[in-house]
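Scroll down for the structure; my scribbles are underneath it.
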Amino acid sequence: MVSTPPSQASDIQHELTRAEVEVDSLVKAPQQDIDIDLEFLYTRDIEFRQETIYFIVVDRFFDGEPDNNSGANSELFDTTGQSWGKYWGGDLQGVIEKLDYLKNLGVTALWLTPLFEQVEGLFVDNAAIHGYWIKDFKRINPRFIGKDENPSLNKTQETRDTTFDRLIAELHQRNMKLILDIVCNHSSPDISGVKGELYDDGVKIADFNDDKDYWYHHYGEVTNWEDEWQVHNCELSGLATFNENNSNYRNYIKAAIKQWLDRGVDALRVDTVKHMPIWFWQEFNAEIQNHKPDVFVFGEWIYNNPHDEPSVEFANCSGMTILDFGLCVAIRGALGQGAEGGFQLIQDIFDLDYRYNGATELVTFIDNHDMPRFQSLNPDPEMLRVAIALIMTSRGIPCIYYGTEQYLHDDTNGGNDPYNRPMMVNWDSDTEIYRYIRLLSGLRRLNPAVSVGSHQQRYITSDVYCYVRRYGNCMCFVALNRGEALVIDAVPTDFPDGEHTCVLSRRKFTVENGMLHNLELGPRDTIVLSRVGERAKGQVLVRAQLNSVRTQPGETIVVTGDCPELGNWDIAKAYPLEYINSNTWFAEIPFSESAGKLITYKYAMWREGRPPLRENLVSRRWFLASEGTVKWRDVWVSGRES
Ligand code: NOJ
Ligand code: CA
């Protein structure tokens, strides 16, 4: 056990409390005095970049309610915890009981495997413990809720005050969020001759084997993964694949998801997005975001990477961001498998960030329920900490797979599915990695350089990686070492000269002329230095993002407009944006005087020794809410000279 000296502990506590206060003020919904329609107009989506996500396989987390374990078919429950394909008892009450443990870990958002009612049978010796074989999208798996809350007992999920509703209330009380895992592509596989039987709150509405109304595609299994038509229309592992051309299906799935959003769900993780055409997702997201404008949505495009054009197009045009498999694969190679290229593999991914319009919103991870846990690749706990420190200080929103903080892994069969889904057994809040996650989660909330800033490499070899995250005068310097102890002669940091303290170890480092000299790194070491400048504060905070503007060194982007906050069209007083990467400029712009008013604005480029270049359009317009956080996602409209 590693303990923190009392004085340092109180410093850290102080920092975390400040972070929490700050986060509280950022995530609160706009207040009541705003007309509800205007609220709808103003808030496109909630800011998720400060979050630390924790992903739970519900059945394998904690059994808070043994009474629900036998479910509709007691054959599917294994009391011994030996049959990996059967249910082991974890449920929503179990999650509720561990919320304080998770909050203390620094987790701010929980992604739970799908909670919907599942088919109750075995498919190749496996029950639907993972939640991806759905029978009724409007009901919760009775194994996850109270026995007397089972909707088949003449109740429906509309009956409030179930364990699900309590979970949401308990999360929100702690300023934590719930991410619902949803599947629009398919329902269930063939189990004893029954396939794709679908229910609408208990009423049967479709059946793959008697599909008069064409709710499903019937083209068999995908055989050619290069053929987009097949990937969209054929089956994945025998799962009944919905026919998105059927508007009754689309209305059903949208209505079901809205029902859960109305119950308080904050965000969605969307399964198998690669398997449906982008128009479906655009329609789906448009409707979901109209219904609940501040919902954050991210999709699983399996093994996407920035070289893969369709997945990049999806991230930029579908209305949702995606899980960053490209980065995950690079981290697993460099740190899990000791690949020769080492950190250069990771830098190669960051070098392509400009292909995404929103690289800072990709959801980053090092393992999940579909691949061996990181420690099955490399059991060294120190290396796991380096990998976690990397995702928690890099661009993107980090997602920690349950149990990582307890070094949970089972290496049977290389740790492949199902051995990557063991039961959570330890709840120790003194592990070194638990402490890392807690501190770095606080850092993410406190320092906007980490949550929204640029990522600049400062020193790289296959074994050592130093980078600076930067937003205005907020900055974070990170040094990671996957190898043995070494000393680096000099590394540029951007930090002001003087002494700076590592967030993780409290070691002191002296910066001279912006450089760290003779930087000593221990084996598998991590150094994190943080400096937080003034943060923009206003009644309304606009997070303005501009894409597709190509600037040369010496050129900068500003927002000019008809309100005092944007300089009343005086371009010398326009609000400056920050460079994030060669495709993205960004700023948090505070508005107070103009809160609640209609404003007009446009972007312009400042160029040394030349007149500014303004966008070639009349203006952009925006109704500002009276309070809250807003995102602008704009694309540069080429300027014209003079
Ligand atoms: C991806 C999920 O992560 C995986 O666990 C599931 O089996 C497939 N999609 C099918 O839903
Ligand atoms: Ca249970």
Side-chain angles (χ1 to χ4, degrees), residues 55-72 74 76-79 81 84-98 111-116 118-119 123-124 126-135 137 140-150 162-164 167 179-189 196 221-222 231 234-242 253 268-276 298-304 322-323 325 328 363 365 367-373 399 401-402 416-421 423-424:
F55 172 34
I56 293 177
V57 176
V58 177
D59 178 61
R60 300 295 157 90
F61 195 60
F62 187 62
D63 185 358
E65 184 139 4
D67 281 357
N68 59 15
N69 287 352
S70 40
S74 58
L76 303 188
F77 177 66
D78 166 38
T79 47
W84 287 77
K86 293 194 175 177
Y87 284 97
W88 289 355
D91 49 35
L92 297 188
Q93 180 58 33
V95 177
I96 292 174
E97 287 175 26
K98 296 300 177 188
W111 158 17
L112 305 182
T113 43
L115 302 180
F116 314 108
Q118 302 290 303
V119 288
F123 177 63
V124 206
N126 289 302
I129 72 111
H130 41 68
Y132 296 99
W133 300 343
I134 296 157
K135 174 178 166 188
F137 284 80
I140 293 193
N141 188 339
R143 292 169 185 277
F144 293 164
I145 51 180
K147 209 171 173 197
D148 57 352
E149 294 165 2
N150 186 335
T162 64
T163 313
F164 173 80
L167 170 64
I179 304 168
L180 189 71
D181 196 339
I182 64 165
V183 190
C184 300
N185 176 63
H186 53 260
S187 59
S188 52
E221 193 72 14
V222 177
V231 173
C234 296
E235 289 177 6
L236 166 74
S237 313
L239 294 159
T241 296
F242 287 122
I253 197 75
L268 303 173
R269 177 271 186 188
V270 190
D271 196 58
T272 35
V273 294
K274 176 181 180 174
H275 292 271
M276 298 182 83
F298 61 101
E300 176 231 22
W301 181 294
I302 197 120
Y303 288 107
N304 79 287
I322 55 177
L323 283 151
F325 280 91
C328 169
V363 176
F365 59 105
D367 52 13
N368 68 18
H369 59 322
D370 292 329
M371 59 180 77
R373 283 174 177 265
C399 176
Y401 190 32
Y402 78 97
N416 271 296
D417 176 5
Y419 302 103
N420 52 2
R421 306 165 183 182
M423 198 73 197
M424 184 82 174

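Hydrogens, waters and symmetry mates play no part in the numbers below; they use all other heavy atoms, side chains included. Indexing begins at 1, ligand by ligand and atom by atom, following the structure's order.
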> Step by step, would you call Phe325 with Phe365 a ring-ring contact (aromatic ring centres under 6.0 Å, His included)?
Replying inline: CA-CA 8 Å; Phe325 280 91; Phe365 59 105; 5.0 Å; yes
>> Before you tell me yes or no, could you show the steps for Trp111 and Phe298 under ring-ring contact (aromatic ring centres under 6.0 Å, His included), namely the whole-Å CA-CA distance, both residues' side-chain angles and the distance that decides it to 0.1 Å?
In response: CA-CA 11 Å; Trp111 158 17; Phe298 61 101; 5.8 Å; yes
Any donor-acceptor pair under 3.5 Å linking the side chain of [X] with the backbone of [Y]?
X      : Y      : answer
Thr241 : His186 : no
Tyr401 : Ile56  : no
Gln93  : Glu65  : no

>> Side chains of Asn420 and Asp367: any donor to acceptor distance under 3.5 Å?
In response: no
>> List the residues meeting side chain to side chain donor-acceptor pair (under 3.5 Å) with Arg60, not counting sequence neighbours, and say none if there are none.
In response: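 Here no residue qualifies.
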> Taking only residues two or more places apart in sequence, or in another chain, which ones meet Asn304 in a side chain to side chain donor-acceptor pair (under 3.5 Å)?
Replying inline: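 With neighbours one apart ignored, the set is Tyr356.
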> Mind counting the protein N, O or S atoms sitting less than 3.0 Å from the Ca ion (ligand 2)?
Replying inline: 6
Can you produce the list of protein nitrogen or oxygen atoms under 3.5 Å from a nitrogen or oxygen of ligand 1, alongside each distance?
from	atom 1	to	atom 2	distance (Å)
ligand 1	3 (O)	Arg269	NH2	3.2
ligand 1	3 (O)	His369	NE2	2.8
ligand 1	3 (O)	Asp370	OD2	2.5
ligand 1	5 (O)	His369	NE2	3.2
ligand 1	5 (O)	Asp370	OD1	2.7
ligand 1	5 (O)	Asp370	OD2	3.3
ligand 1	9 (N)	Asp271	OD1	2.8
ligand 1	9 (N)	Asp271	OD2	3.1
ligand 1	11 (O)	His186	NE2	3.0
ligand 1	11 (O)	Asp271	OD2	2.7

>> Between Phe137 and Phe116 (judged by ring centroids, cut-off 6.0 Å), do the two rings come close enough to count as a pair?
In response: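 Distance test on ring centres: under 6.0 Å, yes.
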